[in-house]
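Report on one structure; see the data block that follows.
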Amino acid sequence: MKLVNLLLIIVSGFVMLFLNSCSSPENEGKKIGEKFCNCLGAVKTLTEPKQFKQVSDSCTNVIKMDWTKYEADYKNDDAKWNLFKTSYEKARESKLKELNEALNLIYAEMGKKIKEKLNNKLWIKKNEKNGYYLYSFNDNSLSIMNCRGLTKFDISADTIKFGDAELTKAIVSFSEEGNLILKDCESDNIGVYEIASKKDKLLGSWSVTGGISVVFYQGGSCSVTQRRNTQNARYTLNGNNLEIAGPPAYSVNLSNSDYFSFGMARFSRNKLSYPKNLDILFTKNK
C-alpha cells in the first residue's frame, strides 16, 4: 500500500510539472501568437490595403478571449506578463514580416500607377481663383506654370507628400472621367483637376512687346492693357490660330510654355512667386 501511495505521489508530481510547463507564460504567449498567425492565412493573396487591416482586426478578435484570460492571470506579475508578451510577439514576428512585405509591395504598385497617370500631363484646376491654373507632377516635382520654382514630393500608396512649408499631404484618386482629385489630409478640402487643352496653355498673365500686357482667363475672356488703359476682350484658338478681339488671327506655336509669337508681337509669360504652402491646391469647403 505504501508503494502504491509513493507511486501516486511521484506520478502526481510529474503531472504537475508537466501541467506547469505547458501553462507557463512563455508557452501561452507562443500559443496565442501562433493562433493569430494561423488566422492570418496566406497574406500574399491579399490585393488591397484595407484587406490587410480587415484580416488583422479579425484575427485580433479571434484571440481576444485568450488574451483577456492571460492578461488577468499575469498582469499583476511584471516578470510573467513581460515574458508572455515577449513570447507572443516573437511567435508573430515572421508572419508579420511577411504581411508587411506583401503590404509594401501593394503600396509600391499603387504609387507607381499614380505616377504613371500624373506624369507627362499638364493639369488645370477647376474653379481656380488665384491665377495659378496650370500644374504638372513630373519627376517627383510639382511645377506651377505661372510660378517660378517647384516643390518636391513623394508618393506612398495613395498619399502624396509635398515638401512645402506646411508639409502638405493629400490623398490621390482619379474619377471615371480621368480627372485628378486631391483631398487634403488635414482639412478634407478637395481640388479637382482636368487634363489641360492646348488653349488652356494660354491661361495666365503675359508681357507683350510694345508695352502691352494680356491676361487670359478660363472661358475665353481676356484683358489687354496698354499705357494703363485696360480693355476686356474675347479670344479663341482654332487649331494653331489665335484670335484676340477679332481679326487678324495669327498662327502660334505653344510648344514652349513660356514664350510664343503672335504675328510680330512676342508674348512672354509673367511668373508669380511660388507659394510657401500648397493650400492653393484645394478648394475650401463652404
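FYI, the numbering just counts along the sequence from 1.
- Distance alone, capped at 3.5 Å, places no donor-acceptor pair between the S87 side chain and the L83 backbone.
- Side-chain contact, T60 with D57: no donor N or O sits under 3.5 Å from an acceptor N or O.
- Checking side-chain atoms of S24 against main-chain N and O of N27 turns up a donor-acceptor pair under 3.5 Å.
- F162 and F137 have tilted rings, their planes meeting at an angle from 30° to 60° on a 0 to 90° scale.
- When every heavy atom of K198 is checked against every heavy atom of N240, the shortest pair comes out as NZ-OD1, 2.8 Å.
- Closest approach of I181 to I190, counting heavy atoms only: CG2-CG2, 3.6 Å.
- When atom types are taken as modelled, the side chain of S187 and the backbone of D184 share no donor-acceptor pair closer than 3.5 angstrom.
- When all heavy atoms are compared, the tightest approach of M264 to T209 is O-OG1, 4.2 Å.
- Around atom CD of Q231, no more than 12 heavy atoms belonging to other residues, nucleotides or ligands sit under 6.0 Å away.
- To the nearest 0.5 Å, atoms CG (L122) and CE (M145) are separated by 4.0 Å.
- Between the side chains of K31 and Y70, a donor-acceptor pair is found at a separation under 3.5 Å.
- Judged purely by atom type and a 3.5 angstrom limit, S136 has no side-chain atom pairing as donor or acceptor with the backbone of N138.
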- Please lay out, stage by stage, how L182 and V172 fare under the test side chain to side chain contact (heavy atoms under 4.5 Å, CB included). CA-CA 5 Å; L182 298 179; V172 184; 3.9 Å; yes
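- Residues in residues 36-66 take part in no ring pair (Phe, Tyr, Trp, His ring centres under 6.0 Å) pair, two or more places apart or across chains.
- With no hydrogens or angles considered, no side-chain donor-acceptor pair links R269 and S205 at under 3.5 Å.
- Under a cut-off of 6.0 angstrom, the local environment of CD in E93 is sparse, with at most 12 non-hydrogen atoms contributed by other residues, nucleotides or ligands.
- Residues N270 and W206 come closest through the heavy atom pair ND2-C, 3.4 Å.
- Across all their heavy atoms, G219 and R234 have their closest contact at O-NH2, 2.8 Å.
- Here the closest heavy-atom approach between residue N179 and residue W123 is recorded as C-CZ3, 4.4 Å.
- The structure places NZ of K115 at 9.5 Å from CG of D139, a figure rounded to the nearest 0.5 Å.
- Contact of the I63 side chain with the C39 side chain is not registered, since no non-hydrogen atoms from C-beta on lie closer than 4.5 Å.
- In this structure, L278 and F153 have side chains that are not in contact, with every pair of non-hydrogen atoms separated by 4.5 Å or more.
- A salt bridge links K271 with D258; the closest basic N to acidic carboxylate O contact falls under 4.0 Å.
- The backbone N or O of L203 sits less than 3.5 Å from a side-chain atom of N146, completing a donor-acceptor pair.
- Between the CD1 atom in I171 and the CG atom in D158 there is a gap of 4.5 Å [rounded to 0.5 Å].
- Between the S221 side chain and the Y217 main chain, no donor and acceptor come within less than 3.5 Å of each other.
- The closest donor-acceptor contact from the side chain of K125 to the backbone of I280 lies under 3.5 Å.
- Side-chain contact annotation: E177 with S175, donor-acceptor N/O pair under 3.5 Å present.
- Judged by distance alone, with hydrogens and angles left aside, the side-chain atoms of S143 form no donor-acceptor pair with the main-chain N or O of L150 at under 3.5 Å.
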- Take F216 and L237 through the test side chain to side chain contact (heavy atoms under 4.5 Å, CB included) and record every step on the way to the result. CA-CA 12 Å; F216 294 101; L237 183 67; over 6 Å; no
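- Ion pairing of K113 with E116 is absent here, as no side-chain N (NZ or NE/NH1/NH2) approaches a carboxylate O to less than 4.0 Å.
- With a 6.0 Å radius and a threshold of 12 heavy atoms from other residues, nucleotides or ligands, K161 has its NZ atom at or below the threshold.
- The distance from the CD1 atom of I32 to the SG atom of C59 is 12.5 Å, given to the nearest 0.5 Å.
- Within a 6.0 Å radius of OH in Y259, other residues, nucleotides and ligands contribute 12 heavy atoms or fewer.
- With Y235 as the aromatic partner, K199 meets the cation-pi criteria of under 6.0 angstrom to the ring centre and within 45 degrees of the ring axis.
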Distance-only donor-acceptor pairs under 3.5 Å for side chains of residues 99-110, two or more places apart:
unit_1 : atom_1 : unit_2 : atom_2 : d
N100   : ND2    : L96    : O      : 3.2
N104   : ND2    : N100   : O      : 3.2

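- Screening L118, I124, L281 for a side-chain contact (heavy atoms from CB on, under 4.5 Å) with Y193, the sole residue that qualifies is L281.
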- Task: Could you walk me through whether F267 and L202 pass side chain to side chain contact (heavy atoms under 4.5 Å, CB included), step by step?
- Result: CA-CA 10 Å; F267 280 62; L202 294 168; over 6 Å; no
- Might you work through the side chain to side chain contact (heavy atoms under 4.5 Å, CB included) test for Y74 and E28, ending with a clear yes or no? CA-CA 11 Å; Y74 303 130; E28 300 296 2; 3.7 Å; yes
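- Salt-bridge formation is detected for the pair R92/E89: a Lys NZ or Arg NE/NH1/NH2 atom is positioned less than 4.0 Å from an Asp or Glu carboxylate oxygen.
- Atom CG of residue N189 and atom NZ of residue K284 lie 8.0 Å apart, to the nearest 0.5 angstrom.
- Aromatic ring orientation, W81 versus W67: perpendicular (interplanar angle above 60°, classes split at 30° and 60°).
- Interatomic distance, CD of E194 versus CG of L180, reported as 11.0 Å (0.5 Å rounding).
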